[in-house]
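Please read the structure below before turning to the comments.
Order of the sequence lines sets the chain letters (A, B, ...), proteins ahead of strands, with each chain counted from 1.
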Number of protein chains: 2
Amino acid sequence: MKKTILIYGFVVALLVVILKVLEYKYFVRNLSVEIYIGVVAVLFVSLGIWLGGKVNSGKLIHQDKELKSREINTEQVKELGISKREFEVLELISAGYSNQEIAEKLFISLSTVKTHSSNLFLKLDVKRRTQAIQKAKELNIL
Amino acid sequence: MKKTILIYGFVVALLVVILKVLEYKYFVRNLSVEIYIGVVAVLFVSLGIWLGGKVNSGKLIHQDKELKSREINTEQVKELGISKREFEVLELISAGYSNQEIAEKLFISLSTVKTHSSNLFLKLDVKRRTQAIQKAKELNIL
DNA sequence: TAAGAAATGGTACTAAAGTATGATTCATTT
DNA sequence: AAATGAATCATACTTTAGTACCATTTCTTA
């Protein structure tokens with residue numbers, strides 16, 4: 001950002017110099033005022049567009065998106081009353097694993113996985129694992 | 001976008017008029033050249049930033065992000081040999097719908113939905129719908 | 001027009017997923 | 001110490017999902 005400001009100052013100074021030169025030529029050669037105005041307009045509008053692009057895309061948009069999503073995460077999980085184990089199951093479900101595979105990964109029985117996922121669906125207020133994935137992403141907990 | 005261009009033209013015209021007026025005053029009252037240049041610079045840079053914001057956020061950035069993902073999208077789908085109907089089923093699967101619900105939404109039988117999803121899984125090289133969702137997002141086709 | 005892909009549907013079967021209920025263990029909290 | 005919540009597991013059952021095969025009907029394209 002500091003770099004942008006420096007470059008901005010430099011470019012403005014440069015343009016002022018260019019303007020001065022043009023100003024001088026105007027008096028000497030009596031150039032058409034329209035051309036003069038046109039050049040000035042194009043130069044400054046270009047500068048503005050470039051500046052606007054730097055400022056808008058580089059800062060505002062990005063930071064907003066990434067900060068918010070990570071904060072809501074853990075809070076939402078607690079609010080919904082989702083336990084650690086249930087959350088782990090949720091992660092594996094959304095990674096595409098079957099209940100049996102999840103059981104093996106977590107070293108628990110298929111029964112337990114079903115219990116966890118069933119409770120999870122209640123807390124997420126969904127009926128299927130695919131809905132759970134969808135909702136979890138909507139709620140930013142995945 | 002047409003509106004933006006119209007407004008742009010209008011504002012430029014307006015500024016030209018303002019410049020003319022200033023030009024006139026300059027000859028009459030012999031204003032300082034520096035002030036004149038400053039006013040011109042500020043006006044056009046402002047216009048440029050405003051324009052830049054419009055153009056960049058409205059077009060370039062968005063279209064870039066959306067066009068790219070949309071292009072890879074359709075190309076990938078074609079490369080995998082996924083048909084329109086299969087893709088529709090994929091979308092509904094990832095939205096969390098059951099096969100029965102998908103059948104109702106597309107006005108086809110449960111049988112057909114199963115056929116489509118089964119073929120889809122072959123093409124995506126997955127075994128389950130949750131894996132299909134995962135892979136589809138990895139491949140940027142969803 | 002004939003060949004082939006796409007879409008549709010049926011039957012039958014297997015495999016997962018999901019629900020309901022009850023029970024045990026363990027750690028934490030009151 | 002008693003109560004509570006989390007994690008574990010089992011059994012039994014219902015519902016979805018998924019596979020395999022086969023068949024018919026559009027479309028599209030060579």
Is the number of heavy atoms from other residues, nucleotides or ligands under 6.0 Å of B/Tyr97 OH greater than 12? no

Given atom CG of B/Leu124 and atom P of D/dA17, what is their separation to the nearest angstrom? 17 Å

What pairs of nitrogen or oxygen atoms, one from the protein and one from nucleotides 16-19 of chain C, lie under 3.5 Å apart?
from   : atom 1 : to       : atom 2 : distance (Å)
C/dA17 : OP2    : A/Asn99  : N      : 2.8
C/dA17 : N7     : A/Lys114 : NZ     : 3.4
C/dG18 : OP1    : A/Arg129 : N      : 2.7
C/dG18 : OP2    : A/Arg129 : NE     : 2.8
C/dG18 : OP2    : A/Arg129 : NH2    : 3.4
C/dG18 : N7     : A/Lys114 : NZ     : 3.3
C/dG18 : O6     : A/Lys114 : NZ     : 2.8
C/dT19 : OP2    : A/Ser118 : OG     : 2.7

Mind listing the residues from residues 79-90 of chain A sitting with a heavy atom below 4.0 Å of DNA chain D? Number order is fine. A/Ser83, A/Lys84, A/Arg85

Students often get this wrong, so: under 4.0 angstrom with heavy atoms, is A/Ser109 touching a base, only sugar-phosphate, or nothing? sugar-phosphate

Using a cut-off of less than 4.0 Å, is there contact between a side-chain N or O of A/Thr112 and OP1 or OP2 of D/dA7? no

Please check this pair: side chain of A/Arg128 against backbone of B/Gly96, looking for a donor-acceptor N/O pair closer than 3.5 Å. yes

Nearest-angstrom distance from the residue atom NE2 of B/His116 to P of C/dA5: 16 Å

With the criterion being N/O to N/O and under 3.5 Å, what pairs connect the protein with nucleotides 23-30 of chain C, and how long is each?
none

For A/Lys123 and A/Ser111, find the nucleotide of DNA chain D closest to each by heavy atoms; which residue's nucleotide sits nearer the 5' end? A/Lys123

Once you round to the nearest 0.5 Å, how far does CD of B/Glu86 lie from CG of B/Leu80? 10.5 Å

Between B/Lys78 and B/Glu75, does any side-chain N to carboxylate O distance fall below 4.0 Å? no

Short side-chain donor-acceptor distance under 3.5 Å, A/Ser109 and A/Thr112: yes

Strictly distance-based, threshold 3.5 Å: is any side-chain N or O of B/Lys123 a donor or acceptor partner for the main-chain N or O of B/Ile82? no

Counting C-beta onward and ignoring hydrogens, is there a side-chain heavy-atom pair between B/Asn140 and B/Gln76 closer than 4.5 Å? no

Closest contact, heavy atoms only, B/Ala103 versus B/Leu110: CB-N, 3.8 Å

Are any side-chain N or O atoms of A/Arg129 and backbone N or O atoms of A/Leu90, one a donor and one an acceptor, separated by less than 3.5 Å? no

Are any of the side-chain heavy atoms of A/Leu106 and A/Arg85 separated by less than 4.5 Å? yes

Without decimals, in angstroms, what is the distance between B/Phe107 CZ and C/dG9 C1'? 17 Å

Backbone N or O of B/Lys127 within a donor-acceptor pair of the B/Gln131 side chain at under 3.5 Å? yes

